[in-house]
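Just follow the structure's listing: the first ligand is 1, and inside any ligand the first atom is 1. Throughout, numbering of the chain's residues begins at 1 and tracks the sequence.
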Amino acid sequence: MTENASTSTAQHTVTVIGGGQIGEALVSGLAASGETAMTVTNRRAERRAELADHYGVSTTDDNAAAVKDADVVFLCVKPYAIVDVAKEIADALPQDAVVVSLAAGVRLETLEAAVANPVVRVMPNTPMLLGRGMSIVTPGSRVSDEQLALVRELMDAVGETAIVEEKNMDAATALSGSSPAYFFLVADALIDAGVALGVPRDTASKLVNYALAGSGEMLINSGSEASTLRANVTSPGGTTAAAVRELEESGLRGAFYRAAEACANRAAELG
Ligand SMILES: NC(=O)c1ccc[n+]([C@@H]2O[C@H](COP(=O)([O-])OP(=O)(O)OC[C@H]3O[C@@H](n4cnc5c(N)ncnc54)[C@H](OP(=O)(O)O)[C@@H]3O)[C@@H](O)[C@H]2O)c1
C-alpha cells in the first residue's frame, strides 16, 4: 500500500524504514534542508498519515516495495528488529543502494551478513530534528568512497558528522547518541533547583535553557576547550567556585564516567 506521491529527487532517492523518533528527526532535518524527498515506512497507519501530513513524504507499510528504487536506505527501527528488516528488504534492494543502519550496538558484520549491499553504521542524535545533529559514521567493507560521501552529505544536511572506527562506536554512542538526554536531565535538575530557591518555573526554565544553549554555542564556536571555558567563569573565591565545589564533591565527574560506561556496555549488549 503506497500513500501520497512518489519521491525521488534529481540527486538521490532516499527511503527511511521506521518513522519513529529518530526516523522522524532524520526526515524532518532532511526535509528542512530541502535536499531530497523521501519514502518513509511504518506499520501503524496513523503514524504514516502524521508523517505524510507533516513532511509531505510518501509513506507505505511495504518495506520491500519502498526500497526498490532507493539510492540510500536508512534503517531506523529498534536494534532487535534491524536484522529482520534488513533480510526483508535484501532481495528488493538495487545493487548499488547503500544500507545505513542507525541502530545502537548492531555490528557491521551482522548487517553485512543480512544484506549483500554496502552497509554504513551511523549513530545520530535527536538534535538533527533542528539540523544540529551529531552523527558518528562507520563505513562497512563494501562501501565505495562515493557512497560514503553520499551518506555523509545526507547526514551533514542535518548537522555534523565524524568518522570513527567501529571499535569506538559504542563509546561514541555514549558521548553523542545518548548524551542529549544527559543535558536535558541536567537542565531539568537545575530548573527544579531554581524553583526550590523561589524562582517561578517559567522564568527558571528560560534562564537555564538559554544558559545551556549559549554554553553549547561557546563550546562549538569559541575555539576554547570546555575546561578553559569553565575556568574562565570561575573567579577565585567566587559564587561559581562554590557551586563547582559542590558538584565535584557530589560526584558529578564520577557519575559521568559511570554513565558513559553503562551506555557503551548497553549498546554492546543490544547488538
Ligand atoms: N531515540 C534516539 O535518541 C536514538 C539516538 C540514536 C540512535 N537511535 C536508534 O534509532 C533506532 C530507532 O529508535 P527510535 O527511538 O526512533 O525508536 P522508535 O521511536 O520506536 O521508532 C521505531 C519506528 O519503527 C517502526 N517500525 C517498527 N518495526 C517496523 C517494521 N518492521 N517496518 C517498518 N517500521 C517499523 C515503529 O512503528 P510501528 O511499530 O508502528 O511500525 C516506530 O515508529 C534504534 O535502533 C536506536 O538504537 C535512537
State, to 0.1 Å, how close [X] and [Y] come at their nearest heavy-atom pair, and which atoms those are.
X    : Y    : result
G19  : V40  : CA-CG1, 4.0 Å
L108 : P139 : CD1-O, 3.6 Å
V119 : V143 : O-CG2, 3.1 Å
G18  : N42  : C-OD1, 3.9 Å
T60  : T39  : CG2-CG2, 4.0 Å

Which of the numbered atoms in ligand 1 are below 4.0 angstrom from a heavy atom of [X]?
X    : result
T41  : 33 (C), 34 (N)
M123 : 6 (C), 7 (C)
T126 : 3 (O)
P79  : 44 (C), 45 (O), 47 (O)

Ion pair check, E261 and R258, cut-off under 4.0 Å: no
Ionic contact status for D192 with R201, cut-off 4.0 Å: yes
Do any nitrogen or oxygen atoms of [X] come within less than 3.5 Å of a nitrogen or oxygen of ligand 1?
X    : answer
N125 : no
V77  : yes
V85  : no
I82  : no

Between [X] and ligand 1, which part of the residue brings a heavy atom under 4.0 Å of the ligand: side chain, backbone, both or neither?
X    : answer
A181 : neither
A104 : both
N42  : both
D84  : neither
N63  : side chain

Min heavy-atom dist G19 to ligand 1 below 4.0 Å: yes
Sub-4.0 Å heavy-atom approach of K78 to ligand 1: yes
N/O donor-acceptor pair under 3.5 Å between S178 side chain and A174 backbone: no
N117 side chain to V98 backbone, donor-acceptor under 3.5 Å: no
What's the shortest distance from [atom] to any protein heavy atom, and which residue and atom give it?
atom                    : answer
atom 39 (O) of ligand 1 : R43 NH2, 2.8 Å
atom 19 (O) of ligand 1 : Q21 N, 3.0 Å
atom 23 (C) of ligand 1 : G20 N, 3.5 Å
atom 9 (C) of ligand 1  : L102 O, 3.1 Å
atom 10 (O) of ligand 1 : I22 CG2, 3.1 Å
atom 12 (C) of ligand 1 : C76 O, 3.2 Å
atom 24 (O) of ligand 1 : G18 CA, 3.3 Å

From H12 atom NE2 to L30 atom CG, the distance as rounded to the nearest 0.5 Å: 10.0 Å
Rounded distance (nearest 0.5 Å) linking atom CD1 of I17 with atom OG1 of T15: 6.5 Å
Intermediate values then yes/no, side chain to side chain donor-acceptor pair (under 3.5 Å), E112 and S141: CA-CA 9 Å; E112 287 180 337; S141 58; 3.1 Å; yes
Residue pair T41, N63: steps toward the side chain to side chain donor-acceptor pair (under 3.5 Å) verdict: CA-CA 6 Å; T41 77; N63 291 334; 2.6 Å; yes
